[in-house]
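In what follows, a structure is listed as structure tokens, so that the remarks can point back to it.
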Amino acid sequence: MSENNHVRFGAATGVGSLPGGDAREAAKTATGSFEDFPFLAELPARGPGADMIGRTAGMLVDLYARVEPSGWRFGDRPGRDTRRARAWLGEDLDALEEFTQGYEGPLKVQAVGPWTLAAALELKNGEAAVSDPGACRDLAGSLAEGLRLHLDEVHRRVPGARLVLQLDEPSLTAVLRGRVRTASGYRTHRSVDRQAVESTLRDVIGVHADGPVVVHSCAPDVPFALLRRSGADAVSFDFSLLTERDDDAIGEAVEGGTRLFVGVVPGTDGPLSDPAGSVMGVRTLWRRLGLHPGLLPDAVTVTPACGLAGASPDYARRALAHCVQAARSLADNPE
């Protein structure tokens, strides 16, 4: 566990992606919805390079990727796809800077973690990078350097912010369990050794030594204990995918000071319950684990279940506002 648990997280925030393609509109929504925990919005609807894999591939140092019909593949030099990814990120940072003038407080930025990147990026032979330990090492090193530069850039633009780094790892469980498909689709790559997974994550998390790191996964069976050992200060997950099998790991996480980013608001259009109803399951979990209700506001940040790229703009705004109201309900009535 790093030394960053004293950093104040906000009570609610977004996961990362928003609908549409207008960077200023997205920045206005991401900063206006969360006055005490805004985030750098991602707009995958703009196309390749704005998607989470392409965006993070554009941050890599001395490694380049381009779009092939099968997905993102390593290339020898920065091409049009890399330039486009970097241009869109620059546009998003310009918009964020505009709407965070004078802001002081936590600010979240997201990037894809090393294992989901290794599961998604293809080597020149078309197989996923996760099939090659040397490629995984190179990729993690390049990502760490790219994240360092990205965090410096955000800090330069929003100097009063305390940066929170979120690593998106939805493929982590598939990597650990040998479920990443080969190029043919008929087989899967063998599972990666848990210690290798953990030490690589620890290296990448260590890039942000002076601020907290959240690891996000909206897949089932989030490996809470492994993420805590890797140095994550918080774990972000889709609350609806939890089962009672996760109880012990969650109880240990909370008691060890790990913050939970609970995704309780649906990520796609649909009716929203009342705010208190959205966090009722969190209160129930707390009682089941025998945790003190007074811990709730200090241990939980409320988020949507996953990114909101697939939602309508109107629903996305309402979902983010709903997260704030649900967090307030949790703080006002922890019992």
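Throughout, numbering of the chain's residues begins at 1 and tracks the sequence.
- With hydrogens and angles ignored, the 3.5 Å screen pairs no side-chain donor or acceptor of K28 with any backbone N or O of A95.
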Requested in this report: Please lay out, stage by stage, how V175 and E169 fare under the test side-chain contact (heavy atoms from CB on, under 4.5 Å).
Outcome: CA-CA 10 Å; V175 167; E169 282 284 16; over 6 Å; no
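- Interatomic distance, F74 CZ to L123 CG, rounded to the nearest 0.5 Å: 6.5 Å.
- Linking ILVMFWY residues whenever their side-chain heavy atoms come closer than 4.5 Å, directly or via other members, leaves L93 and W88 in distinct clusters.
- Electrostatic pairing of D314 and R318 counts as a salt bridge here, judged by a charged N lying under 4.0 Å from a carboxylate O.
- If you take CZ on R84 and CZ on R66, they are separated by 13.5 Å, rounding to the nearest 0.5 Å.
- L89 is listed as a side-chain neighbour of L40, based on a closest heavy-atom distance under 4.5 Å.
- More than 12 heavy atoms of other residues, nucleotides or ligands lie within 6.0 Å of CD in E98, so this atom counts as buried by the packing criterion.
- Heavy-atom minimum distance, A27 versus F99: CB-CD1, 3.8 Å.
- Within 6.0 Å of the CZ atom in R288, the count of heavy atoms belonging to other residues, nucleotides or ligands exceeds 12.
- For the atom pair CG (L289) and OG1 (T284), the distance works out to 10.5 Å, reported to the nearest 0.5 Å.
- By the 4.5 Å heavy-atom criterion applied to side chains, H208 and L163 are counted as neighbours.
- Side-chain atoms of S230 never come within 3.5 Å of backbone atoms of L201 as a donor-acceptor pair (strictly under, hydrogens ignored).
- T303 contributes no side-chain N or O that, together with a main-chain N or O of G14, makes up a donor-acceptor pair within less than 3.5 Å.
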Report task. Please step through side-chain contact (heavy atoms from CB on, under 4.5 Å) for the pair W72 and D51, ending with a clear verdict. Result -> CA-CA 11 Å; W72 286 88; D51 61 300; 3.1 Å; yes
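- Residue Y315 holds its OH atom at 9.5 Å from CG of L320, rounded to the nearest 0.5 Å.
- No more than 12 heavy atoms of other residues, nucleotides or ligands shown are found within 6.0 angstrom of CZ on R24.
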Requested in this report: Report the C-alpha distance between L149 and V61 in whole Å, list the side-chain angles of each, state the deciding distance to 0.1 Å, and finish with yes or no for side-chain contact (heavy atoms from CB on, under 4.5 Å).
Outcome: CA-CA 9 Å; L149 295 170; V61 173; 3.8 Å; yes
Query raised in the report: What do the steps show when you test L176 against L226 for side-chain contact (heavy atoms from CB on, under 4.5 Å), and what is the final call?
Result: CA-CA 11 Å; L176 287 166; L226 182 147; 4.2 Å; yes
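- Counting all heavy atoms, side chain and backbone alike, T13 lies closest to F261 at CG2-CE2, 4.0 Å.
- The hydrophobic clustering, which links ILVMFWY residues whose side-chain heavy atoms are closer than 4.5 Å, places Y64 and M59 apart.
- Counting only heavy atoms from C-beta outward, the side chains of P48 and V67 approach each other to under 4.5 Å.
- Side-chain heavy atoms closer than 4.5 Å link hydrophobic residues (I, L, V, M, F, W, Y) into clusters, and following such links, possibly through other members, connects L242 to V300.
- A donor-acceptor pair is defined here as one N or O able to donate and one able to accept, closer than 3.5 Å; such a pair exists between the side chain of T116 and the backbone of S171.
- At distances below 3.5 Å, not a single donor-acceptor pair connects side-chain atoms of E42 with backbone N or O atoms of M52.
- In this structure, L330 is not a member of the same hydrophobic cluster as V15, with clusters built from ILVMFWY side-chain heavy atoms closer than 4.5 Å.
- Judged by distance alone, the side chains of Q166 and S236 never bring a donor and an acceptor atom under 3.5 Å apart.
- Atom CD of E68 has more than 12 heavy atoms from other residues, nucleotides or ligands within 6.0 Å.
- With contacts defined as side-chain heavy-atom distances shorter than 4.5 Å, the pair L172/V222 does not qualify.
- More than 12 heavy atoms of other residues, nucleotides or ligands sit less than 6.0 Å from atom CZ of R156.
- In terms of heavy-atom proximity, N333 sits nearest to R283 at O-NE, 2.8 Å.
- Minimum heavy-atom separation, G231 to I205: O-CG2, 3.7 Å.
- Closest approach of P106 to V164, counting heavy atoms only: CB-CG2, 4.2 Å.
- Residues in residues 211-239 take part in these ring-ring contact (aromatic ring centres under 6.0 Å, His included) pairs, two or more places apart or across chains: F224-F237.
- At a threshold of 4.5 Å between non-hydrogen side-chain atoms, the residues T173 and P223 count as touching.
- Counting heavy atoms from C-beta outward, L107 and L96 have side chains that approach closer than 4.5 Å.
- R181 places no side-chain N or O within donor-acceptor distance of the main-chain N or O of T188, the cut-off being under 3.5 Å.
- Here the CG-CG distance, from D203 to L143, works out to 11.0 Å after rounding to the nearest 0.5 Å.
- Residue D62 qualifies as open at atom CG: its count of foreign heavy atoms under 6.0 Å is 12 or below.
- A salt bridge links R46 with D92; the closest basic N to acidic carboxylate O contact falls under 4.0 Å.
- Under a 3.5 Å cut-off, the side chain of R86 and the backbone N or O of G58 do form a donor-acceptor pair.
- Listed for the S131 side chain is a donor-acceptor partner under 3.5 Å among the backbone atoms of A128.
- A chain of hydrophobic side-chain contacts below 4.5 Å, direct or via other Ile, Leu, Val, Met, Phe, Trp or Tyr residues, connects Y103 to L165.
- For the pair F39/L18, a side-chain contact is recorded, criterion being any heavy-atom separation below 4.5 Å from C-beta on.
- Checked by atom type and distance alone, the side chain of W115 pairs as donor or acceptor with a backbone atom of V197 at under 3.5 Å.
- Within the 3.5 Å criterion, the main-chain N or O of R187 finds a donor-acceptor partner in the side chain of T182.
- Residues C136 and A118 share a closest heavy-atom pair of SG-CB, 4.1 Å.
- R229 contributes atom CZ, which lies 7.0 Å from atom CZ of R194 (distance to the nearest 0.5 angstrom).
- By the 4.5 Å heavy-atom criterion applied to side chains, H155 and L151 are not counted as neighbours.
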